[in-house]
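One structure is given here, and the rest of the page talks about it.
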Amino acid sequence: MILFILSLPVNSDRFPLRLLCLRDFHFPLPMTKISVGLLTVSDRCASGEREDLSGAALAEALPPETYQILHRSIVPDEADAIASTLREWADSCALILTTGGTGLSPRDVTPEATLRVLDRLAPGIAEALRADGLKHTPFAMLSRGVAGTMGRTLVVNLPGSPKGVREGMAVLLPILEHALTLLRGEQPH
Amino acid sequence: MILFILSLPVNSDRFPLRLLCLRDFHFPLPMTKISVGLLTVSDRCASGEREDLSGAALAEALPPETYQILHRSIVPDEADAIASTLREWADSCALILTTGGTGLSPRDVTPEATLRVLDRLAPGIAEALRADGLKHTPFAMLSRGVAGTMGRTLVVNLPGSPKGVREGMAVLLPILEHALTLLRGEQPH
Amino acid sequence: MILFILSLPVNSDRFPLRLLCLRDFHFPLPMTKISVGLLTVSDRCASGEREDLSGAALAEALPPETYQILHRSIVPDEADAIASTLREWADSCALILTTGGTGLSPRDVTPEATLRVLDRLAPGIAEALRADGLKHTPFAMLSRGVAGTMGRTLVVNLPGSPKGVREGMAVLLPILEHALTLLRGEQPH
C-alpha cells in the first residue's frame with residue numbers, strides 16, 4: 001500500500017522527505033485513536049489518603065493501540081465537581097469513563113451528577129454492566145451507575161473497585177468501538 | 001351459537017344476506033381484536049430511500065386473529081413527528097409499537113420522543129427486551145428503547161432491524177394480551 | 001461477655017435490677033435492629049374487601065432477630081397517600097418495603113408516588129428483582145417497581161402478590177444489611 005498524505009507542514013521543505021518516509025508503510029487501522037477521559041470520583045483518592053487503583057485499572061483496560069487517554073483526573077464525591085469535569089472534557093473526548101461514587105453511601109452522587117449533563121440515556125449499558133456484575137456478586141445490584149450521551153461523547157459510570165472496573169470493561173470493550181462509530185454519525189462497517 | 005350483528009352497511013339492501021351468513025358461525029374469542037398502531041422511525045424509510053422491512057416484520061409478528069393494525073406509518077427521526085403521531089394514535093390504539101431510532105446515532109431520538117408522551121414507565125418491558133437481545137448479540141445493550149403507558153395505551157419501542165423486531169416480538173407476545181387486559185382496568189382471567 | 005448498659009429508665013429504681021439481668025447475657029449481633037416500615041398499597045385491602053396477604057408475606061420474610069417492624073399500614077392506590085406515608089416513615093425507618101400497585105392497571109401508581117419522594121435511584125435493585133422474577137414468569141416484566149433512597153432510608157417497591165413478595169425478599173435479603181450499612185455512611189466490614 002502506498003499512502004499519499006496531503007499535509008501543510010509548518011516546515012514545508014521537509015514535505016518531500018516525509019512523503020518518502022510514508023510510502024510503503026502499512027498503517028494499522030484505526031489511524032485516529034479514540035480520545036478518552038478517565039475520571040475517578042472518590043473523597044479519599046482526591047485527598048491523597050488512598051491510591052487511585054480503580055483509575056489505574058481503567059487505564060490498563062484500554063488497549064493503547066485504539067484508545068488515547070487525553071484526560072485523567074480525580075475529584076471528590078461532589079456533584080458539581082463531577083458534572084463540571086464531564087462538561088469540560090466532552091468537547092475533546094469521544095468517551096468518558098468514571099469510576100466510583102455509584103453506591104449507596106450518602107456521599108455517592110456520581111449517577112446524579114452524570115444525569116445532569118447527559119442529553120440521552122443509554123440504560124442498556126448500565127443494565128448490562130449490572131447483569132454481568134450479578135454473576136460475580138449479588139452486591140452488584142447496589143451499583144447505581146448510569147450511561148448515556150453528551151453531544152457526541154459517550155459517558156459510562158463504572159463501579160469504584162479495581163475488580164468492578166475490570167469486570168465492567170470486559171463487558172464494554174466488545175461494543176465500545178461500534179458504539180462510538182454510531183455516535184459520530186457514521187455507518188458501522 | 002347464533003349471533004345477531006347490528007350494523008348499518010352503506011349498501012343496506014345487503015344486510016339480510018349478511019345476517020344469514022353469520023348465523024351459526026362460531027366466532028373465536030376474543031371477538032374484539034386488539035387495535036394496534038405500528039410506527040417506523042427512520043429518515044431513510046421516510047424518504048423512500050429504503051424499504052420499511054422492520055415495519056413489515058412488526059406487522060407479520062402480530063397474529064391477525066388477535067390484533068388489528070389500525071395505523072401504520074413511517075416518520076423521519078424527528079422527536080416532534082414521533083411524539084405527535086403517538087399522541088394522535090393513543091385514542092384509537094390499545095397498543096403502539098415503534099421500530100427504529102433507539103440506537104446511539106445522533107439522529108436517534110425515539111426514546112426521548114416516547115418519554116415525552118408516556119405518563120407511566122414500564123421499565124421491566126424494556127429491560128426484558130434488552131436482556132433477551134443480549135443472548136443474541138452484545139450490541140443489544142446499545143438499544144435505548146423505553147416502554148410505558150399513555151392513558152390506556154401501551155407503547156413499546158423496538159429495535160430498528162427486522163431481526164431485532166422479530167426477537168423482540170417473541171419476548172412481548174406471551175405477555176401482551178395480559179398486559180392490555182390489565183391496562184383496560186379489567187381483572188385478568 | 002458483661003454488658004453495662006447506660007439508660008435512663010422512667011422508673012429509675014428498677015435500674016439496678018435491670019443491670020443485674022443483663023450481666024452475663026450474650027447479646028446477638030446486631031444489637032440495634034433495623035427499623036422497617038411495611039406499606040401495602042391496595043384499594044381492596046384498604047377497604048377491607050381483601051385480606052392483606054402480601055403485607056403478611058413481607059412481615060414473615062424479615063428475620064425478627066435483625067429487623068424490627070416499626071410501621072405497617074395499608075393505603076389505597078392513591079399517589080398522595082403513598083407518598084405522604086413514605087415521607088412520614090422516613091425519619092424513623094432505615095428500610096421501607098412496599099407491596100402492590102406496581103402493575104399496569106390504571107390505578108397502579110406506587111412507582112410514580114415513590115419516585116416523588118426518592119432523592120437517589122437504585123435502579124439495579126429493581127432490575128435484579130425483575131430479572132429474578134422473569135425466571136419464574138414472563139409477567140414479571142410488567143412490574144414497574146422502583147427502588148432508591150430518601151435521605152438515609154432505603155425504599156423498595158415489591159410486587160403485589162404473596163408469591164412475588166417471597167421471591168423478591170429472597171433476592172433482597174442477602175444484600176439488605178450491607179446496603180443499609182452503606183446508607184448509614186458506615187464502612188462495611
Side-chain angles (χ1 to χ4, degrees), chain A residues 34 90 93-97 111 114-115 117-135 140-141 143-158 167-189, chain B residues 41-45 49-50 76-79 82-83 100-116 118 121-148 156-161 163-164 167-168 171:
Chain A
I34 294 166
C93 292
L95 173 68
I96 301 178
L97 302 172
T114 306
L115 286 172
V117 302
L118 296 183
D119 43 47
R120 295 184 304 168
L121 292 178
I125 296 178
E127 288 163 19
L129 288 170
R130 278 188 287 263
D132 179 81
L134 283 181
K135 294 176 196 164
M141 77 177 81
S143 174
R144 310 186 303 104
V146 298
T149 66
M150 183 176 19
R152 303 288 170 104
T153 305
L154 181 67
V155 185
V156 182
N157 295 332
L158 287 158
E167 290 169 3
M169 289 307 294
V171 173
L172 283 185
L173 274 180
I175 59 94
L176 269 183
E177 286 187 70
H178 179 76
L180 297 169
T181 300
L182 292 170
L183 192 49
R184 280 194 305 268
E186 293 165 18
Q187 288 301 111
H189 321 290
Chain B
V41 182
S42 162
D43 284 336
R44 280 185 285 175
C45 289
E49 184 188 334
R50 190 192 255 191
D77 291 282
E78 304 279 358
I82 301 164
T102 60
L104 280 177
S105 298
R107 300 271 302 155
D108 288 332
V109 292
T110 302
E112 285 68 36
T114 306
L115 286 172
R116 276 198 218 166
L118 295 183
L121 292 179
I125 295 177
E127 289 163 20
L129 288 170
R130 278 189 286 264
D132 180 82
L134 283 180
K135 293 176 196 164
H136 302 104
T137 166
F139 299 117
M141 78 177 80
L142 301 180
S143 174
R144 311 186 302 104
V146 297
V156 181
N157 295 332
L158 287 159
S161 71
K163 187 172 171 289
E167 290 168 1
V171 173

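All values reported here derive from a predicted model rather than from experimental measurement. FYI, side chains are in, hydrogens and waters are out, and symmetry mates aren't considered; it's all heavy atoms of this structure.
Put simply, of A/Ala131, A/Gly124, A/Pro123, A/Pro174, the one with the most heavy-atom pairs under 4.5 Å next to chain B is A/Gly124.
With a 4.5 angstrom heavy-atom cutoff, A/Leu121 touches chain B only via backbone atoms. Interface remark: B/Pro138 contributes backbone and side-chain atoms alike to the contact with chain A (heavy atom separation under 4.5 Å). Only the backbone of B/Ser143 comes within contact range of chain A, with heavy atoms under 4.5 Å apart. Within the 4.5 angstrom heavy-atom criterion, only side-chain atoms of B/Glu112, from C-beta onward, approach chain A.
Taking CG from B/Leu142 and NE2 from A/His178, the interatomic distance works out to 6.0 Å, rounded to the nearest 0.5 Å. Taken to the nearest 0.5 Å, the CG atom of B/Leu134 stands 10.0 Å off from the CG atom of A/Asp132.
The closest donor-acceptor contact from the side chain of A/Arg120 to the backbone of B/Asp108 lies under 3.5 Å.
Heavy-atom contacts from other residues, nucleotides or ligands closer than 6.0 Å to CZ of A/Arg184 number more than 12.
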B/Met141 vs A/Val171, side chain to side chain contact (heavy atoms under 4.5 Å, CB included): CA-CA, chis, key distance, verdict: CA-CA 10 Å; B/Met141 78 177 80; A/Val171 173; 3.8 Å; yes

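What you find for A/Gly185 and B/Pro106 is that their closest heavy atoms are CA-CD, 3.5 Å.
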